[in-house]
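Structure record follows, encoded as C-alpha cells.
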Amino acid sequence: MQNKTPNPVVVVDFGAQYAQLIARRVRDLGVYSEVVPYDVDVGALGAKRPKALILSGGPASVYAEDAPGLNPGLLELGVPVLGFCYGMQAMAVALGGEVPQTDVGEYGPTRLECAAEAGSALLTGTPERQKVWMSHRDSVGTLPKGFVCTASTATTPIAAMEDPERRLYATQFHPEVAHTTHGQEMLSNFLFKICRITPNWKIDDLAAQMIAALKERIGGARVICGLSGGVDSSVVAALLSRAIGDKLTCVFVDHGMLRKDEGKAVSEVFGKQFDVDFVYVHAEERYLDLLAGVSEPEQKRHLIGTEFWKVFFDEAAKLEQRTGDKIKYLAQGTIYPDTIESGSAAGGTNAVGSKKAATIKSHHNLIPFPEGVHFNLIEPLRLLFKDEVRRLGLTLGLPPELVWRQPFPGPGLAVRIIGDITAERLDMLREADAIVREEIDAYNDKLAEESGRRDAPGSVWQYFAVLPAELRSVGVMGDERTYQNPIIVRAVESQDAMTADWAKLDACQDPEFSFSRILSRISTRIVGEVSGVNRVIYDITSKPPGTIEWE
Ligand code: XMP
C-alpha cells in the first residue's frame with residue numbers, strides 16, 4: 001500500500017495454514033498487522049519498527065532436517081513475542097528448552113487447565129478450565145530457563161508457557177481459530193495489557209490517507225485501471241477517481257468467460273452511472289483461440305493472466321494515441337489473500353515471499369509480465385482482506401449492491417469448466433450458473449431482510465455452477481433415455497476466502513428458503529431449462545481440504 005501504515009504487529013510465518021488468520025484477528029482488534037516469512041532479514045524487519053512479534057504454527061517437526069528454524073535475532077529485537085504451536089516449540093528450542101519426540105498427537109477441541117497460581121498475563125480473565133483447539137504431535141518437554149508453565153492438557157503437560165521478564169509468551173494450542181473459545185481475549189491481553197499497544201487501525205480513516213498517497217505518487221500522469229466489475233477493482237477505481245479525476249481510464253476486458261449479462265451490468269454501472277472514462281474491450285475470440293485444447297488448470301491460468309497484460313498493453317497504446325498522454329501506470333484490485341495463495345512462483349510478487357510458501361493457484365493478476373510488456377503497478381489494496389475492502393467501499397460511497405457482490409475470479413468461467421473450454425460448454429455453464437445465482441441471491445436477500453444485515457451468519461459468500469470434464473450419465477426425460485452432462489453446484493460460507501465451509505442454507509426462517517427447497521428449485525430448473533444437462537450435484541467440501549473454485 002502506498003499510504004503510511006502504522007507500525008505493525010508482525011506475524012512470522014513458519015508455513016502455517018493460518019498465518020494470515022492471525023494477522024486478521026489482530027486487525028480485528030484495531031491493530032495493524034503484517035505477515036513475513038520465517039527467514040526474513042532481521043535488519044529489514046527491525047526497520048519496520050514492529051510493536052510485537054507473533055510466531056505462527058507450521059507443518060514441520062523441529063527435528064526435521066529442513067525444519068524452519070527461529071532466528072534468535074528475532075528474540076533480540078526488544079519487543080514482546082508470542083508463539084503458537086510450532087512457534088512455541090521453535091521458541092523453546094532457540095532458548096535452550098527441550099521438545100522431545102512423542103508418539104501421541106493431540107488434534108481438535110481439547111480441554112485446557114490453567115495454572116491459576118502461575119498468574120499468567122496472557123490467560124488473565126479467561127476461565128481456569130476452557131476449550132482450546134490443538135493440532136500437534138511434538139510439544140515442549142523441558143521449559144527454557146526463566147519460563148513458567150501456565151497451562152496444561154491431559155496429553156500435554158506444558159500447553160502454555162511464559163517468561164514475563166523477557167516478555168516472551170507461547171501456547172501449544174491455537175488462539176487464532178474460533179474453536180479456541182477465549183482465543184481473542186488472549187490476543188487482546190497480549191496486545192493491550194502486555195504490549196500496551198493503542199489500537200489505531202481503522203478502515204474508515206484509510207480512504208483519505210490512500211487518496212492522498214495515490215495523488216502524490218501519480219502526479220499528473222494518466223492511469224489505466226483494470227476493472228472487472230467486482231468489489232476489489234471497483235474500490236480501486238473509486239480511490240483513483242477521487243485522486244486523479246479525469247486522468248483515470250477504466251478498462252473492462254470481456255474475455256468471453258463472463259457470467260450471464262455481466263458485461264452489460266458492468267457497462268451500465270461504470271459506463272453510465274459513474275463519471276469515468278470507460279473502455280469495453282471485446283476479446284472473446286482472442287481468448288477462445290488461446291484456450292482451445294488447454295485443460296491443465298495452471299496452464300489455463302497462466303495463459304489467461306499473460307493475455308490480460310497483452311490486452312492492457314494494446315489498450316494503453318490506443319489510449320496514448322487518443323489522449324496524447326504517456327501511460328506507464330496500471331492499477332488493479334489485488335488483495336492480500338491473492339498474494340498469499342499465489343505463492344512465490346507467481347512472479348515473485350508474493351507478500352509472504354518465503355521460500356517455503358506453496359503455490360496453490362496462480363491468481364491472474366500476479367502472473368509475470370510477458371516479454372515486451374511493462375507497467376508500473378498500482379495496487380492500493382494489496383495488504384487488505386476482503387471484508388476490509390468492503391468496508392472501504394462503503395466508506396467511499398459505492399452502491400451496496402456492488403460492495404456486496406460475490407467474488408468472481410479474473411479467469412472467470414474458465415476455471416469452472418473442467419477440461420476443454422468451448423463456446424458450447426461456456427453457454428451451458430453460463431445458463432446453469434445464472435439459475436444458481438438467482439436462487440441463492442433470493443436466499444441471501446431473504447436472510448438480509450429477516451436479519452437486517454447483509455453479512456448475517458449463514459449468508460452465502462460465493463455460489464456458482466461448475467461443469468465437469470467429459471462426464472456423462474444416463475437419465476430419463478419424458479420417457480426418453482438421456483445421456484448428458486451433470487452440473488455441480490458450489491456454495492460456500494466464508495469471511496475472506498482463506499477458509500470456507502459448504503453452505504448449509506439453513507438460516508432463513510421462511511420455509512420457502514430452506515435447504516431442501518432451494519436445492520430442489522435449483523435442480524429442477526437446471527435440468528428443465530439448460531439443454532444438455534440431466535443431473536445436478538451439490539459439493540459438500542470445505543476449504544481446506546478443498547478450495548472454493550474447482551481449478
Ligand atoms: P480458491 O479457489 O483458491 O479461491 O479457494 C479463493 C478466492 O479467490 C478467488 N480466485 C481468484 N480471484 N483471480 C481472482 O481475482 C484469480 O485468478 C482467482 N482464483 C481464485 C475465488 O473465486 C475465491 O473467491
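The analysis underlying the following values was restricted to heavy atoms, covering all of them including side chains, and did not include hydrogens, waters or symmetry mates. Ligands are counted one by one from 1 in listed order, and the atoms in each one are counted from 1 as well.
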Nearest-option assignment for atom 14 (C) of ligand 1, heavy atoms, candidates Ser233, Gly305, Gly410: Gly410
Heavy-atom nearest neighbour of atom 16 (C) of ligand 1 within options His363, Gln332, Lys300: His363
Distance-minimising heavy-atom pair for Val266 and Gly229: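 Closest pair (atom of Val266, atom of Gly229, distance): CG2-CA, 3.8 Å.
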Within a distance under 4.0 Å of any heavy atom of [X], pick out the atoms of ligand 1 and give their elements.
X: Pro411; answer: 13 (N), 16 (C), 17 (O)
X: Lys543; answer: 1 (P), 3 (O), 5 (O), 6 (C)
X: Gln462; answer: 21 (C), 22 (O), 23 (C), 24 (O)
X: Ala497; answer: 6 (C), 7 (C)
X: Thr547; answer: 1 (P), 2 (O), 5 (O)

N/O to N/O below 3.5 Å, does that happen between [X] and ligand 1?
X: Glu549; value: yes
X: Arg301; value: yes
X: Pro407; value: no
X: His364; value: yes

Interatomic distance, Met257 atom CE to Leu426 atom CG [nearest 0.5 angstrom]: 7.0 Å
Phe385 six-ring centre to Arg27 NZ/CZ under 6.0 Å and within 45° of normal: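 Not flagged: Arg27 not positioned over aromatic ring of Phe385.
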Salt bridge (Lys or Arg N to Asp or Glu O under 4.0 Å) partners of Arg25, counting only residues at least two apart: Asp28
Side-chain donor-acceptor pair present, Tyr463, Asp441, cut-off under 3.5 Å: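 Their side chains do contain a donor-acceptor pair, which is all the 3.5 Å distance test asks for.
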Residue pairs, two or more places apart or on separate chains, that pass salt bridge (Lys or Arg N to Asp or Glu O under 4.0 Å) and touch residues 400-409: Glu262-Arg405
Per-residue contact class, Pro337 against ligand 1 - non-hydrogen pairs under 4.0 Å: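 The answer is neither.
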Check: His374 ring centre within less than 6.0 Å of Phe369 ring centre: yes
Test item: Lys361 and Pro297 side chains (from C-beta on) under 4.5 Å apart, heavy atoms: no
